[in-house]
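Notes follow once the structure below has been shown.
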There are 2 protein chains.
Amino acid sequence: MRRNTTQRMAIEEVFRQNDRPLGVDEVLAYGRKLVESLNQATVYRNLKLLVDDGRLKRVTHPSLGTMYERTGKGHHHHFYCRACNHAYELPGCALNEDEIAPDGFVVEDHDVFLFGICPSCVR
Amino acid sequence: MRRNTTQRMAIEEVFRQNDRPLGVDEVLAYGRKLVESLNQATVYRNLKLLVDDGRLKRVTHPSLGTMYERTGKGHHHHFYCRACNHAYELPGCALNEDEIAPDGFVVEDHDVFLFGICPSCVR
DNA sequence: TTTTTTTGCGAAATCAATTGCAATAAAAGC
DNA sequence: GCTTTTATTGCAATTGATTTCGCAAAAAAA
Ligand SMILES: [Mn+2]
Ligand SMILES: [Mn+2]
Ligand SMILES: [Zn+2]
Ligand SMILES: [Zn+2]
């Protein structure tokens, strides 16, 4: 039976406090502010458990690699600032799956990544 | 000075014959049909040279990883069939960068990946 | 208390990509 | 054509980054 460890609760808290895709290193760094003994292997183990439990999902950034974010937010897209490397949530979706692919292709899902400069880096 | 080796010409020919994003393994497999001695290290070395020369560009697939395709085709998107794992070219772009991100975000580029079943796998 | 999951730690496994080196071959010069 | 130069190749070994694992100690829940 799954136990509610301070480490696992801290990792979930990290995603509540930073509601955007986070890399493993970010989870570890933010998590250590809550539980300073937190170890990298524990982060990996819990990220996997939380994905299995459907509480997190994986997001793959073209150059930053694997990231994780909370589930339950509905379909949305992401913006990656190439200055600060932060990922941002972009609520909603204006993409029409039916009209973007030729006839015969069955579109089941899509990912949209925007790249550029975020408001806090633009000044 | 750069030499026109049979290996490098074969790799370029692979991309001409298969005008879609190809993974390193695909380039090696198709390339060996043209030059059977073709080696993986040679593929890696030449993919890098061809990217440097602006003849190929990298495309990162969320789960298949790094792929390469020819440059000069203009901005477009990709469809990945989850049955045969083939990548397809989708000419054109119906995405409006200005209206998809909130004010303050400077959008410089975007990637769109569609996932589903391609016409030859659908039957 | 007792049981058993979970952790921290270092070592180890993975996988993609790179490198050293002797052999090969492109292309320049004769 | 033939020789010389040196970029390039094939091969195996190696790197580097990420992820996993073994195990004793710690701690959650019964
Ligand atoms: Mn998100
Ligand atoms: Mn393409
Ligand atoms: Zn969408
Ligand atoms: Zn587009």
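Sequence lines set the chain letters: A, B, ... in the order given, protein chains first and strands last, and positions in each chain run from 1.
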Exercise. Taking everything shown except B:Gln17 itself, do over 12 heavy atoms lie less than 6.0 Å from its CD?
Worked result: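 Enclosed: over 12 neighbouring heavy atoms sit under 6.0 Å from CD of B:Gln17.
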So, using side-chain contact (heavy atoms from CB on, under 4.5 Å) as the criterion, who are the partners of [X] when residues are at least two apart?
| X | result |
| --- | --- |
| B:Lys48 | B:Asp52 |
| A:Thr71 | A:Lys57 |
| A:Arg82 | A:Ile117, B:Glu108 |
| A:Pro119 | B:Phe105 |

Could you give the [atom1]-to-[atom2] distance, from [X] to [N], as a whole number of Å?
| X | N | atom1 | atom2 | answer |
| --- | --- | --- | --- | --- |
| A:Arg3 | C:dT7 | CZ | C1' | 11 Å |
| B:Asn46 | D:dT8 | CG | P | 8 Å |
| A:Arg8 | D:dA27 | CZ | C1' | 12 Å |
| A:Gln7 | C:dT7 | CD | C1' | 6 Å |

Problem set entry | Pairs satisfying salt bridge (Lys or Arg N to Asp or Glu O under 4.0 Å), at least one member in residues 58-79 of chain B, at least two apart |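 Only B:Asp19-B:Arg70, B:Asp19-B:Lys73, B:Glu69-B:Lys73, B:Lys73-B:Glu89 qualify under salt bridge (Lys or Arg N to Asp or Glu O under 4.0 Å).
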Exercise. Could you give all pairs that pass the salt bridge (Lys or Arg N to Asp or Glu O under 4.0 Å) test and reach residues 110-122 of chain A, with sequence neighbours left out?
Worked result: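 Every candidate salt bridge (Lys or Arg N to Asp or Glu O under 4.0 Å) pair involving residues 110-122 of chain A fails, so no pair, neighbours aside, qualifies.
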Exercise. Would you say D:dA28 has OP1 or OP2 under 4.0 Å from some side-chain N or O of A:Thr5?
Worked result: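 So the side chain of A:Thr5 is outside the cut-off, no N or O lying under 4.0 Å from OP1 or OP2 of D:dA28.
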For this session: Applying ring pair (Phe, Tyr, Trp, His ring centres under 6.0 Å), name anything that partners A:His78, two or more places apart in sequence or on another chain.
Result: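 If we apply the ring pair (Phe, Tyr, Trp, His ring centres under 6.0 Å) test to A:His78, skipping adjacent residues, the hits are A:His76.
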Exercise. Partners of A:Tyr68 by ring pair (Phe, Tyr, Trp, His ring centres under 6.0 Å), sequence neighbours excluded?
Worked result: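 If we apply the ring pair (Phe, Tyr, Trp, His ring centres under 6.0 Å) test to A:Tyr68, skipping adjacent residues, there are no hits.
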Problem set entry | Contacting residues from residues 25-44 of chain A, given that a heavy atom lies under 4.0 angstrom of DNA chain D |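 Under 4.0 Å from DNA chain D: A:Gln40, A:Ala41, A:Tyr44.
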Problem set entry | Contacting residues from residues 47-70 of chain B, given that a heavy atom lies under 4.0 angstrom of DNA chain D |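 Within this stretch, nothing sits under 4.0 Å of the strand.
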Exercise. Should the ring pair B:Tyr88 and B:His86 be called parallel, tilted or perpendicular, given that the plane angle runs from 0 to 90° and is split at 30 and 60?
Worked result: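 Because their plane-to-plane angle lies in the 30° to 60° range, the rings of B:Tyr88 and B:His86 count as tilted.
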Show the atom names and distances, to 0.1 Å, of all donor-acceptor pairs under 3.5 Å that link a side chain in residues 27-35 of chain A to residues at least two apart or in another chain.
| unit_1 | atom_1 | unit_2 | atom_2 | d |
| --- | --- | --- | --- | --- |
| A:Tyr30 | OH | A:Arg20 | NH2 | 3.2 |
| A:Arg32 | NE | A:Leu38 | O | 2.7 |
| A:Arg32 | NH2 | A:Leu38 | O | 3.0 |

Problem set entry | Of B:Met1 and B:Arg45, the one whose closest DNA chain C nucleotide lies more 5' |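 The answer here is B:Arg45.
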For this session: Would you mind reading off the bend of the helix from C:dT1-D:dA30 to C:dC30-D:dG1 from its two end axes, five pairs each, to 10 degrees?
Result: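 Answer rounded to 10°: the end axes differ by 30°.
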